[in-house]
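Structure, as structure tokens:
Indexing begins at 1, ligand by ligand and atom by atom, following the structure's order. In what follows, every heavy atom counts, from backbone to side chain, and hydrogens, waters and symmetry copies are set aside.
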Amino acid sequence: MSTTGSEDDVSILAMSGSGRAGSPNTALLHAARGLAPAGVTIEIHEGLAQVPRYDRDEDTESRLPPAARDLRAAVAKADGLLIATGELTFAVPEVVRTALAWLVRPAMSTPLLRKDVAVIGVSPGGFGTVRGQVALRQLLAGYGHRVLSGPELLVSAAHDRFDRAGHLIDHQAAQRLREVLAALREQIVHGEGPGGTR
Ligand SMILES: Cc1cc2nc3c(=O)[nH]c(=O)nc-3n(C[C@H](O)[C@H](O)[C@H](O)COP(=O)(O)O)c2cc1C
């Protein structure tokens, strides 16, 4: 937890499952930064799409790719993670799976160990990333991370939710995003969230 402000201040590292310009998932993270409740600081990790595919031979102190090193350091420093991602071919996008591959090593001392993680997502279609989120939550839980079970934020019809400048204009989604952030903070600080509000 923060060493600067109050004991209960938390820092969240936000990661987008898309490196695409105009990504609604990245826009959702920018909205989160503006909607963060008191005591929550959100930093968006910009380099996710530059992280190379996991290579065991490169995962050594001398050969570690700089983008993977930066990612590990950023995650290790954060109190919790916020991942906003769509789904590609009914699955968790490669960008996220690649990042996780670097983050679950070294075994037993991974920077992700026991991190609190919230998963949110927005898609242009009608299912609001439900399949991607289910898969990602399962994957994270399988590694022992504390995935926020609720409130959930699954945003469909992306084109109706943001203005041309990429600002979130859907009040219901904005309110739910506030609730997700408050619950993530609660889980980080007290080890549990309110839950139940799905
Ligand atoms: C090859 C391809 C596969 C896709 N598969 C899915 C999918 O399975 N489910 C879905 O909701 N959207 C799918 N989409 C739409 C993308 O998820 C959507 O454009 C994107 O997630 C939203 O933007 P962002 O991920 O860049 O933020 C697909 C798009 C492409 C190009």
Seminar exercise, completed: Residues at least two apart in sequence or cross-chain that pass side chain to side chain donor-acceptor pair (under 3.5 Å) with Asp163, listed by chain then number, are His167

Exercise. Out of curiosity, Arg105 CZ to Tyr54 OH, how far, rounded to the nearest 0.5 Å?
Worked result: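 If we round to the nearest 0.5 Å, Arg105:CZ and Tyr54:OH are 6.0 Å apart.
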
Exercise. Can you hop from Val180 to Leu154 via hydrophobic side chains spaced under 4.5 Å?
Worked result: no

Exercise. Ligand 1: which residues have a non-hydrogen atom closer than 4.0 Å?
Worked result: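 Ser18, Arg20, Ser23, Pro24, Asn25, Gly86, Glu87, Leu88, Thr89, Phe90, Ser123, Pro124, Arg131.
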
Problem set entry | Arg72: salt bridge (charged side-chain N to carboxylate O under 4.0 Å, His left out) partners, not counting sequence neighbours |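 Only Asp59 meet the salt bridge (charged side-chain N to carboxylate O under 4.0 Å, His left out) criterion with Arg72.
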
For this session: Would you please name every residue forming a salt bridge (charged side-chain N to carboxylate O under 4.0 Å, His left out) with Arg63, sequence neighbours left out?
Result: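 Arg63 satisfies salt bridge (charged side-chain N to carboxylate O under 4.0 Å, His left out) with Glu58 only.
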
Exercise. At their closest point, which heavy atom of Ile12 faces which heavy atom of Leu81, and how far apart are they?
Worked result: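 Scanning both residues completely, I find the closest heavy atoms to be CG2-C, 4.0 Å.
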
